[in-house]
Amino acid sequence: MRERGGAAAQGTTDTTDTRDITKDATRDAASDTAQSTAQRTAKATAPGGAPGGAAPAGVPGGAVTARRVGLLTTLVLGGLTALPPLSMDMYLPALPEVTQALHAPAATVQLTLTACLAGMALGQLVVGPMSDKWGRRRPLLIGMIVYVLATAVCALAPSAGLLVGFRLLQGLAGAAGIVIARAVVRDLYDGVEMARFFSTLMLISGVAPIVAPLIGGQILRITDWRGVFHVLTVVGIVLTLVVWRFLGETLPPERRHTGGVGEALRTMRGLLADRVFTGYMLTGGLAFAVLFAYISASPFVVQEIYGASPQTFSLLFGVNSVGLVAVGQINGKLLVGRVSLDKVLGFGLAVILLASVALLLMTTGVFGEPGLLPIAAGLFVLMSAMGLAMPNTNAQALMRTPHAAGSASALLGTSSFLIGAVASPLVGIAGETTAVPMAVVQTGCAVAAVGCFLLLCRPWQTGRARSSQGLSGGA
């Protein structure tokens with residue numbers, strides 16, 4: 001295993017080495033598939049699932065059942081993936097109050113959101129390679145501790161400038177939960193089991209954006225905007241303690257990388273040289289951009305253009321989120337294992353593209369004045385199809401990278417945030433009087449996602465054919 005890790009780190013020095021990486025990754029994936037999920041989970045968590053080698057609380061001795069470990073792992077990883085949406089969305093209702101309290105212009109206060117989002121994107125590039133070198137637990141615990149401290153300082157910030165700076169630090173530290181959660185899933189699961197687990201995580205992380213603004217609004221009923229950060233600090237402390245107590249190390253020493261920054265950069269370059277991995281990464285990022293465009297534009301599209309009340313908008317937003325989570329569960333419970341991941345992914349992308357085109361035709365007036373109901377229906381179909389696209393792009397990409405799951409997870413997360421961040425401002429380029437820019441951005445990103453899937457992933461090829469091409473086939 002150490003030799004495979006070394007080969008992965010030097011995978012871009014020449015064509016022979018890149019072929020070796022793919023062969024090693026293929027052998028790892030085949031070996032991983034041969035093991036059952038229960039055996040892998042039990043090995044990773046028991047007896048080291050808790051500090052000092054103790055079994056998790058509530059489990060006698062080291063007798064950790066697969067179901068018990070799976071439940072704990074799901075809850076812990078779900079909490080880690082839900083924390084960033086909570087950090088972003090719980091704060092949204094407090095923005096007007098922050099503007100008044102800190103005597104800062106609205107544009108400056110908006111930077112507190114941008115800083116947190118940028119921190120989450122860039123932090124993944126740092127934490128991912130760290131977790132490949134030092135294991136998952138240490139970088140995750142360090143990141144959680146820094147997150148708690150940064151959030152506590154945000155609650156005490158006397159000025160908007162200081163708040164922006166510590167929101168950036170909060171995002172950088174919070175990125176540890178996003179990137180390491182995906183890497184842990186890759187350590188514990190493979191193949192269809194990994195896709196199922198990603199769908200299960202969507203059930204937890206998908207609820208967070210729905211309830212976060214509601215929680216933030218209720219907090220503001222009893223305290224001021226600083227109370228939001230006090231609550232987030234408490235949530236961070238609880239999650240840190242849960243991670244320390246229940247989440248064991250999932251990356252054994254023999255599979256870790258021993259090099260420094262240079263090796264991490266070479267590993268990432270080797271991953272990007274893999275045409276198929278890059279294809280799934282871009283496909284997922286562009287699909288995520290469709291989602292970002294919806295989140296950015298839907299408030300003024302639904303309320304300003306089509307005249308819905310804030311309560312109606314909240315209802316529609318919640319219904320769309322439920323659709324995404326529900327389809328994600330259908331993907332994990334019914335489709336994965338019965339239908340190939342590429343077929344399910346391809347169907348999801350096709351539905352996203354068709355829904356985007358339908359929205360474009362409606363907003364441009366091809367069918368006359370559509371009204372709110374058809375627009376809402378198109379957005380619901382588009383959002384629900386994300387439940388087929390997002391978990392399967394992650395699963396397919398990570399299945400190719402058992403030798404560098406942390407770095408691969410970092411690239412997947414960072415690309416999604418960056419592509420989404422570029423797409424989001426474009427939806428308002430024509431002002432708040434038309435929904436055409438939203439539909440144009442969504443359709444363009446959907447077309448690009450389908451193109452990357454077909455041209456780079458080439459789903460009609462068998463796994464063996466892809467492996468024979470290797471990373472050098474990406475040229």
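For the single chain, residues carry numbers from 1 onward in sequence order.
Distance check: Leu239 CG to Leu140 CG gives 8.0 Å after rounding to the nearest 0.5 Å. The line from OG1 of Thr151 to CG of Leu83 is 7.5 Å long, rounded to the nearest 0.5 Å. Once rounded to the nearest 0.5 Å, the distance linking CZ of Arg167 with CG of Leu162 reads 13.0 Å. Between the CZ atom in Arg136 and the OG1 atom in Thr250 there is a gap of 5.5 Å [rounded to 0.5 Å]. Going from atom CG of Asp342 over to atom CZ of Phe453 covers 4.5 Å, rounded to the nearest 0.5 Å. The CE atom of Met438 lies 5.0 Å from the CG atom of Leu379; values are rounded to the nearest 0.5 Å.
Thr278 places a side-chain N or O within 3.5 Å of a backbone atom of Leu272 that can act as its donor or acceptor partner. For Thr112 (side chain) and Val109 (main-chain N/O), a donor-acceptor pair under 3.5 Å exists by modelled atom type. A donor-acceptor pair under 3.5 Å is formed between the side chain of Ser415 and the backbone N or O of Leu412. Under a 3.5 Å cut-off, the side chain of Thr393 and the backbone N or O of Ala389 do form a donor-acceptor pair. Formation of a donor-acceptor pair under 3.5 Å by the Gln170 side chain with backbone atoms of Ala150 is not found in this model.
Summarising the geometry of Val290 relative to Ala446, their closest heavy-atom pair is CG2-N, 3.9 Å, with the distance given to 0.1 Å. Residues Leu359 and Leu382 share a closest heavy-atom pair of CD1-CD1, 4.1 Å. Between Met144 and Leu80, the shortest heavy-atom contact is SD-CD2, 4.0 Å. The nearest pair of heavy atoms linking Leu168 to Ala115 is CD1-O, 3.4 Å. In terms of heavy-atom proximity, Ala355 sits nearest to Val381 at CB-CG1, 4.1 Å. Between Thr283 and Cys457, the shortest heavy-atom contact is OG1-SG, 4.4 Å.
Looking at Ser409 and Arg186, their side chains never come closer than 4.5 Å, going by heavy atoms from C-beta outward. Residues Leu411 and Phe277 are in side-chain contact: their nearest non-hydrogen atoms beyond the backbone lie under 4.5 Å apart. Looking only at side-chain heavy atoms (C-beta outward), Leu315 and Thr312 stay at 4.5 Å or farther from each other. Residues Ile142 and Trp134 fail the side-chain proximity criterion, which asks for heavy atoms closer than 4.5 Å. Two residues are said to be in side-chain contact when any heavy atoms from C-beta on lie closer than 4.5 Å; Phe198 and Val336 fail this criterion. The side-chain heavy atoms of Tyr147 and Leu232, taken from C-beta on, include a pair separated by under 4.5 Å. The shortest distance between side-chain heavy atoms of Met130 and Val179 does not fall below 4.5 Å. Counting heavy atoms from C-beta on, the side chains of Pro139 and Ile180 come closer than 4.5 Å.
Evaluation of the side chain to side chain donor-acceptor pair (under 3.5 Å) test over residues 116-130, restricted to residues two or more places apart or in two chains, returns Gln124-Arg182.
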Apply side-chain contact (heavy atoms from CB on, under 4.5 Å) to residues Leu271 and Met281 and explain how you reach the verdict.
CA-CA 10 Å; Leu271 293 171; Met281 180 188 74; over 6 Å; no
Can Val184 and Val76 be said to form a side-chain contact (heavy atoms from CB on, under 4.5 Å), step by step?
CA-CA 11 Å; Val184 169; Val76 173; over 6 Å; no
Intermediate values then yes/no, side-chain contact (heavy atoms from CB on, under 4.5 Å), Tyr280 and Leu345:
CA-CA 10 Å; Tyr280 285 120; Leu345 173 56; 3.8 Å; yes
side-chain contact (heavy atoms from CB on, under 4.5 Å) between Phe347 and Leu335, intermediate numbers included:
CA-CA 12 Å; Phe347 179 77; Leu335 299 179; over 6 Å; no
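Qualifying salt bridge (charged side-chain N to carboxylate O under 4.0 Å, His left out) partners for Arg196, counting only residues two or more places apart in sequence or in other chains: Glu193. Contacts of Phe292 classified as ring-ring contact (aromatic ring centres under 6.0 Å, His included), with partners at least two apart in sequence or in another chain: Phe288.
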